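One structure is given here, and the rest of the page talks about it.
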Protein chains: 2
Amino acid sequence: MSDPDTLTEALDRAGYHSTAARRVMAELVAAQEGRFKAEDLLVQARRTRRGVGRATIFRSLEIFESLGLVEQVHLPNGEHAFVACERAHHHHVVCTQCGRSQEVGDLGITPIARELVEQRTGYLVDSHRIEFFGLCPECRAATTPQA
Amino acid sequence: MSDPDTLTEALDRAGYHSTAARRVMAELVAAQEGRFKAEDLLVQARRTRRGVGRATIFRSLEIFESLGLVEQVHLPNGEHAFVACERAHHHHVVCTQCGRSQEVGDLGITPIARELVEQRTGYLVDSHRIEFFGLCPECRAATTPQA
DNA sequence: GGCGCGACGATACTCGGTCTCTGTTTAACC
DNA sequence: GGTTAAACAGAGACCGAGTATCGTCGCGCC
Ligand SMILES: [Zn+2]
Ligand SMILES: [Zn+2]
Ligand SMILES: [Zn+2]
Ligand SMILES: [Zn+2]
């Protein structure tokens with residue numbers, strides 16, 4: 001992600017007021033590389049221009065999430081973080097080392113899984129969550145010098 | 001899940017002391033139907049025999065999890081719950097209505113996904129989390145009488 | 001320019017989870 | 001069976017993420 005305007009436009013299109021706080025949020029989110037915690041934004045906001053209130057951080061993230069611009073990920077250690085999204089159904093790989101993250105298309109898993117799960121368990125699946133964790137190319141290279 | 005002994009035996013096998021609190025925990029966990037929150041156990045423990053301390057609840061669950069006897073699930077609403085497990089790599093479907101849950105085998109997703117993700121993103125995947133949410137057969141029947 | 005609703009932010013609060021510390025239990029060894 | 005070191009339980013303090021409240025302010029609209 002890297003374009004604040006995409007975010008603000010989406011907000012506008014969805015009928016949300018354009019406010020200073022939200023513009024800052026859009027900028028911050030767009031500037032993140034990989035996963036980030038709400039707390040990170042709070043700190044960053046406080047550091048630069050006039051800070052954004054804690055409540056607003058969460059409210060904005062909630063809106064962004066409802067618009068599919070951001071997604072919550074549940075890290076292996078139980079913490080919660082967010083990642084910026086580029087629309088369409090997808091999932092994320094998150095680097096356990098540096099936190100960078102990337103989207104992965106649906107991989108065609110959804111329909112298969114849904115069907116299989118349904119026929120094996122009788123459950124009518126209506127949503128799912130898939131998260132991959134591992135090492136990003138950079139960290140991978142860093143930990144395995146050349147061997 | 002329904003056998004407390006399986007749990008206590010596993011603890012024993014792993015070299016953990018057999019204590020009163022852990023036996024109670026084994027019984028409680030075995031008695032749960034579907035997903036349950038730590039808080040639930042706390043309340044239930046308090047209600048029946050001599051309660052188990054809050055810290056102990058979490059410590060035990062942590063051990064159970066490390067032994068693959070229990071797994072943490074991140075519900076769609078952000079809450080955390082646990083489900084009892086029957087070993088081997090698998091995932092869960094959780095009923096969004098009544099909370100019942102069931103294991104689903106790997107579905108063959110793991111190797112495919114791993115490979116696809118790796119070749120598309122360059123990430124070296126070493127763990128993943130897949131959760132399905134929907135309606136269990138009972139709730140399904142209940143909400144769609146016969147139509 | 002004025003109005004009303006929506007959003008902001010400070011603060012207080014809740015709640016899930018952890019830490020710390022002390023007294024107790026356990027298992028192993030004699 | 002008695003002794004002892006290490007593991008454990010539990011009470012309570014503590015912490016941090018997230019939420020609720022509420023007075024103020026800004027946006028969009030007329
Ligand atoms: Zn979570
Ligand atoms: Zn990385
Ligand atoms: Zn399981
Ligand atoms: Zn159900």
Side-chain angles (χ1 to χ4, degrees), chain A residues 7-29 35-67 70-83, chain B residues 7-29 35-67 70-83:
Chain A
L7 295 179
T8 50
E9 276 162 27
L11 284 181
D12 188 41
R13 224 172 305 119
Y16 290 99
H17 284 184
S18 164
T19 70
R22 284 179 188 154
R23 277 186 295 270
V24 173
M25 282 296 294
E27 230 167 278
L28 283 176
V29 169
R35 68 114 230 258
F36 56 91
K37 289 182 290 174
E39 187 66 17
D40 298 338
L41 299 190
L42 183 51
V43 172
Q44 290 173 32
R46 197 136 48 193
R47 199 155 44 207
T48 60
R49 54 204 78 225
R50 124 179 74 278
V52 177
R54 174 205 280 280
T56 303
I57 297 268
F58 283 98
R59 283 189 288 238
S60 306
L61 284 174
E62 194 180 341
I63 293 175
F64 286 157
E65 184 168 29
S66 77
L67 296 179
V70 131
E71 193 168 323
Q72 213 187 17
V73 292
H74 178 90
L75 306 178
N77 64 25
E79 287 184 346
H80 287 168
F82 295 83
V83 287
Chain B
L7 295 178
T8 51
E9 276 163 27
L11 284 180
D12 189 43
R13 223 174 304 120
Y16 288 101
H17 286 185
S18 164
T19 72
R22 283 179 189 156
R23 278 185 294 269
V24 173
M25 282 297 292
E27 230 167 279
L28 282 176
V29 169
R35 68 114 229 258
F36 56 91
K37 289 181 291 173
E39 187 66 16
D40 298 339
L41 298 190
L42 183 51
V43 172
Q44 290 173 32
R46 196 138 48 194
R47 198 153 46 206
T48 60
R49 53 204 78 226
R50 122 180 76 280
V52 178
R54 176 205 279 277
T56 304
I57 298 268
F58 283 99
R59 283 190 288 237
S60 306
L61 285 174
E62 194 179 343
I63 293 175
F64 286 157
E65 184 168 29
S66 78
L67 296 180
V70 131
E71 194 167 322
Q72 213 187 18
V73 292
H74 178 90
L75 305 178
N77 64 25
E79 287 184 346
H80 286 168
F82 295 82
V83 288

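Please read all numbers here as calculations on a predicted model, not as lab measurements. Chain letters run A, B, ... following the sequence lines, proteins first and then strands; every chain starts at 1.
Note on B/T19: a side-chain N or O is less than 4.0 Å away from OP1 or OP2 of D/dA9. Under 4.0 angstrom from either OP1 or OP2 of C/dG17 there lies at least one side-chain N or O belonging to B/H80. Residue B/R22 places no side-chain N or O under 4.0 Å from the OP1 or OP2 atom of C/dT26.
Using a 4.0 Å heavy-atom criterion, one finds that A/G51 contacts the sugar-phosphate atoms exclusively. Heavy atoms of A/E79 sit nowhere under 4.0 angstrom from any nucleic acid atom. Using a 4.0 Å heavy-atom criterion, one finds that B/R59 contacts the bases of the nucleic acid, with or without backbone contacts as well.
Of the candidate nucleotides D/dA9, D/dC27, C/dG9, D/dA9 has the atom lying nearest to any side-chain atom of B/T56. When distances run from any side-chain atom of A/F58 to the nucleotides C/dG16, C/dT26, D/dA17, the shortest one goes to D/dA17.
The nearest whole Å value for the distance from the CZ atom in B/F36 to the P atom in C/dG16 is 15 Å. Here D/dG16 presents its C1' atom at 12 Å from CG of A/L42, a figure rounded to the nearest Å. For A/I57 and D/dA17, the CD1 to P distance is 12 Å, given to the nearest whole Å. Distance, A/L61 CG to D/dG18 P: 9 Å, rounded to whole Å. Atom CG of A/L75 and atom C1' of C/dG17 are 16 Å apart (whole Å).
In the interface, the side chain of B/R54 is paired with the base of C/dG17 through a donor and an acceptor atom under 3.5 Å apart.
Note that the CD atom of B/Q44 and the CD atom of B/E27 stand 11.5 Å from one another [nearest 0.5 Å]. With values rounded to the nearest 0.5 angstrom, A/T19 atom OG1 is found 5.0 Å from A/R22 atom CZ.
Between B/Q72 and A/I63, the one whose closest nucleotide on DNA chain C sits nearer the 5' end is A/I63. Residue A/K37 is the one, among A/A55 and A/K37, whose nearest nucleotide of DNA chain D lies closer to the 5' end (criterion: closest heavy atom).
A donor-acceptor contact closer than 3.5 angstrom links the side chains of A/R23 and A/S18.
Near DNA chain C, defined here as any heavy-atom distance below 4.0 Å, the residues from residues 8-18 of chain A are A/Y16, A/H17, listed numerically.
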